[in-house]
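Per chain, numbering begins at 1; letters A, B, ... match sequence-line order.
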Protein chains: 2
Amino acid sequence: MPTSRKATSLGSLTGNVGFHLRLAQLAVFKDFDGELSELGVSPAVYSVLEVLQQNPGLTQSKLASAVRLDRSSMVPMLDKLGQRGLVERLASTTDRRHKHLYLTAAGAKLLHQADKLVSKHEKRVCTPFTAKEKQALMELLARFGG
Amino acid sequence: MPTSRKATSLGSLTGNVGFHLRLAQLAVFKDFDGELSELGVSPAVYSVLEVLQQNPGLTQSKLASAVRLDRSSMVPMLDKLGQRGLVERLASTTDRRHKHLYLTAAGAKLLHQADKLVSKHEKRVCTPFTAKEKQALMELLARFGG
DNA sequence: TATTGTTATACTCTATAACTATA
DNA sequence: TATAGTTATAGAGTATAACAATA
């Protein structure tokens, strides 16, 4: 028998939120990667740099919870960013368990470049939406408790 | 110095689609897992079972592209489902490169159980939305080209 | 030559648990 | 006892490249 030419049916997956979130994220992350891989900036790296710029001196655990990673997952990531000279870890003087995180000048510069590319990426990825629709989408997504 | 009590600011991440998609997916998949882990059904497994029920006899490559995986990633997954007695691979009689996939009776039964739990999960995860809002969300997500 | 399923392999992301040093 | 960061480890998920069988 020849393979059927009918389009594959997705059945109940059509109404499945998680499935559609995954497909959307796949498309969006792929576009992100196409735009920012030349800078060596993944979505996770971007979120870390951005949060550190907004919150200089943040501790590792607080950073981890802000970007929704385990604090143990933060360590190798910060190791790499440290090796690249983008982020500094400074031991706290008052509570020596804490390390305060700061973007270096190189980190701030890279983030600035990344911001421009992220803007392009966001615009491209959101071409299917009007400004109102994008706003509505973001607002709906936020309700999942993210 | 005591650690700042201010909420961590997310800066431009607030308007970042990919970041919000990730947070939403994290929340949704976590809920899915809480409901269906007892059945040994992950989101990926569920999507495969559902697509096979809808499209009996599908080949591996077509299944892979339907659920957006590489065909090589399909192999270990189908191995596991085969070992669990949920899915059969039948060599095609006409094109011996193809293998046609079928849900077994056990697979259909498990999917039926899963469907009920997925319904519960979907309802719970979508409590923040009216029916109209959910529909709007799904429609917006679909526009990413997923 | 091209395609299907397969294998071997490796990489990314992430979490869990246990350790250390502090508090 | 509790917390911050670390380490070691493992698991899931996924992809790439190359191979055998077949078309």
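- D:dA15 atom C1' lies 14 Å from atom CE of B:Met74, rounded to whole Å.
- Atom CG in A:Leu69 sits roughly 15 Å away from atom P in D:dT6 (whole-Å rounding).
- A:Lys30 meets the side chain to side chain donor-acceptor pair (under 3.5 Å) test with no other residue; sequence neighbours excluded.
- More than 12 heavy atoms of other shown residues, nucleotides or ligands fall within 6.0 angstrom of atom CD in B:Gln113.
- Smallest separation of non-hydrogen atoms from A:Leu141 and B:Ala24: CD2-CB, 4.1 Å.
- Counting only heavy atoms from C-beta outward, the side chains of A:His100 and A:Thr59 approach each other to under 4.5 Å.
- Two residues, B:Pro76 and A:Pro76, neighbour DNA chain C, and the one matched to the more 5' nucleotide by heavy-atom proximity is B:Pro76.
- Where DNA chain C meets chain A (any atom under 4.0 Å from a heavy atom), the bounding nucleotides read 5' to 3' are C:dT14 to C:dA23.
- Taking A:Ser61 as the reference, nothing meets the side chain to side chain donor-acceptor pair (under 3.5 Å) condition, with sequence neighbours excluded.
- Atom CG of A:Leu81 and atom C1' of D:dG5 are 16 Å apart (whole Å).
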I'd like a table of atom pairs between the protein and nucleotides 21-23 of chain D - only N or O on both sides, under 3.5 Å - with the distance next to each one.
{"unit_1": "D:dT22", "atom_1": "OP1", "unit_2": "B:Arg96", "atom_2": "NH2", "d": "3.1"}
{"unit_1": "D:dA23", "atom_1": "OP1", "unit_2": "B:Thr94", "atom_2": "O", "d": "3.4"}
{"unit_1": "D:dA23", "atom_1": "OP1", "unit_2": "B:Arg96", "atom_2": "N", "d": "2.9"}

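- With sequence neighbours excluded, the residues satisfying salt bridge (Lys or Arg N to Asp or Glu O under 4.0 Å) with A:Arg97 are A:Asp95.
- For B:Ser72, the side chain to side chain donor-acceptor pair (under 3.5 Å) test picks out B:Asp70, with sequence neighbours left out.
- For D:dT3, the OP1/OP2 oxygens have no side-chain nitrogen or oxygen of A:Ser61 closer than 4.0 Å.
- For residues 11-23 of chain B, the pairs satisfying side-chain hydrogen bond (donor to acceptor under 3.5 Å, both in side chains) are A:Tyr46-B:Ser12, A:Glu50-B:Ser12, A:Glu122-B:Asn16, with sequence neighbours left out.
- Partners of B:Glu139 under the salt bridge (Lys or Arg N to Asp or Glu O under 4.0 Å) rule, at least two apart in sequence or in another chain, are B:Arg143.
- Counted within 6.0 Å of CZ on A:Arg124, heavy atoms from surrounding residues, nucleotides or ligands total more than 12; the atom is thus considered enclosed.
- Of the two residues contacting DNA chain D, namely A:Arg22 and A:Asp79, the nearest-nucleotide position lying further toward the 5' end is that of A:Asp79.
- Rounded to whole Å, the distance from CZ on B:Arg68 to P on D:dG13 is 18 Å.
- Under the side chain to side chain donor-acceptor pair (under 3.5 Å) criterion, B:Lys120 pairs with B:Glu35, not counting sequence neighbours.
- Residues meeting the ring-ring contact (aromatic ring centres under 6.0 Å, His included) test with A:Phe32, sequence neighbours left out: A:His121.
- More than 12 heavy atoms of other residues, nucleotides or ligands shown are found within 6.0 angstrom of CZ on A:Arg89.
- Residues of residues 30-45 of chain A that place a heavy atom closer than 4.0 Å to DNA chain C do not occur.
- Using a 4.0 Å cut-off, some side-chain N or O of A:Lys99 falls inside it from OP1 or OP2 of D:dT6.
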N/O to N/O distances under 3.5 Å, protein versus nucleotides 16-19 of chain D:
{"unit_1": "D:dT16", "atom_1": "O4", "unit_2": "B:Ser72", "atom_2": "OG", "d": "2.7"}

